[in-house]
Amino acid sequence: MNYWLMKSEPDDVSVDDALAAPNSTVAWTGVRNFQARNFMRNEMKIGDGVLFYHSSCAEPGIVGIARVVSESYPDPTQFDPKSRYYDAASKRDHPRWMLVDVQVTRKIPNITLAEMRQRPELAEMRVLRKGNRLSITPVDKEHWDALTKGTA
DNA sequence: GCCAACGTTGGC
DNA sequence: GCCAACGTTGGC
């Protein structure tokens with residue numbers, strides 16, 4: 001069992017959008033970074049914990065608890081010429097971009113990025129490191145526990 | 001809108 | 001394989 005933080009732009013897919021979807025589940029489309037893809041393709045397992053994070057918005061932070069609910073499979077948007085995530089270089093018999101389905105299990109009060117930076121026990125989190133841009137980062141169990149305790 | 005950080009591309 | 005140029009991310 002591993003833990004992850006996954007960034008989504010709420011203007012694109014917010015935690016409320018995900019909760020409103022069938023089974024509160026969304027396909028994590030649009031990742032176009034190889035490191036982030038590799039986490040989904042190679043390392044995520046069904047049941048892994050996910051911190052649902054809102055980015056590029058007024059109050060970036062963790063807004064929901066979720067879990068991985070599928071094996072990885074090709075991101076359909078890479079084959080859709082009308083999608084902003086279309087990738088002409090990716091072929092159906094050799095897809096470049098893989099994703100997983102993520103199910104939100106509960107919404108939580110926003111643990112803002114500013115608040116996270118103030119908590120010493122979270123200081124080593126990868127998402128807080130200077131210059132971090134990865135939209136998917138592994139989360140240590142100690143950080144997961146610190147962030148999810150008392151929110152059940 | 002700015003800009004630091006860093007990933008990707010492509011010429012050589 | 002190097003590395004400069006360029007593009008993107010994402011907080012502020």
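The figures that follow rest on heavy atoms only: side chains count, while hydrogens, waters and symmetry mates do not. Chain A is the first sequence line, chain B the second, and so forth, proteins listed ahead of strands; every chain is numbered from 1.
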Please list every donor-acceptor pair under 3.5 Å in which a side-chain atom of residues 18-30 of chain A meets a protein atom from a residue at least two apart or in another chain.
from  : atom 1 : to    : atom 2 : distance (Å)
A:S24 : OG     : A:L19 : O      : 3.4
A:T25 : OG1    : A:N23 : O      : 2.7

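In this structure A:D140 satisfies the side-chain hydrogen bond (donor to acceptor under 3.5 Å, both in side chains) test with no other residue, sequence neighbours excluded. A:A89 pairs by the side-chain contact (heavy atoms from CB on, under 4.5 Å) definition with A:D87, A:R96, not counting sequence neighbours. For A:E9, the side-chain contact (heavy atoms from CB on, under 4.5 Å) partners at least two apart in sequence or on another chain are A:D12, A:S55, A:S56. A:K141 pairs by the salt bridge (Lys or Arg N to Asp or Glu O under 4.0 Å) definition with A:D145, not counting sequence neighbours. Among residues two or more places apart in sequence or in another chain, the salt bridge (Lys or Arg N to Asp or Glu O under 4.0 Å) test is passed with A:E115 by A:R119. Every salt bridge (Lys or Arg N to Asp or Glu O under 4.0 Å) that A:R32 has, sequence neighbours left out, goes to A:D75.
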Show me the protein contacts with nucleotides 5-7 of chain C, counting only N or O atoms at under 3.5 Å.
from  : atom 1 : to     : atom 2 : distance (Å)
C:dG7 : N2     : A:R133 : NH1    : 3.4

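Here the P atom of nucleotide C:dG10 and the NZ atom of A:K130 are 17 Å apart, to the nearest Å. Across the protein-nucleic acid pair, A:D11 atom CG and C:dT9 atom P stand 14 Å apart, rounded to whole Å.
Contacts with DNA chain B (heavy atom under 4.0 Å) in residues 86-99 of chain A: none are found.
Between A:F52 and A:W4, the gap from one ring centroid to the other reaches at least 6.0 Å.
Backbone-only engagement by A:Q35 is indicated by non-hydrogen atom pairs under 4.0 Å involving sugar-phosphate atoms exclusively.
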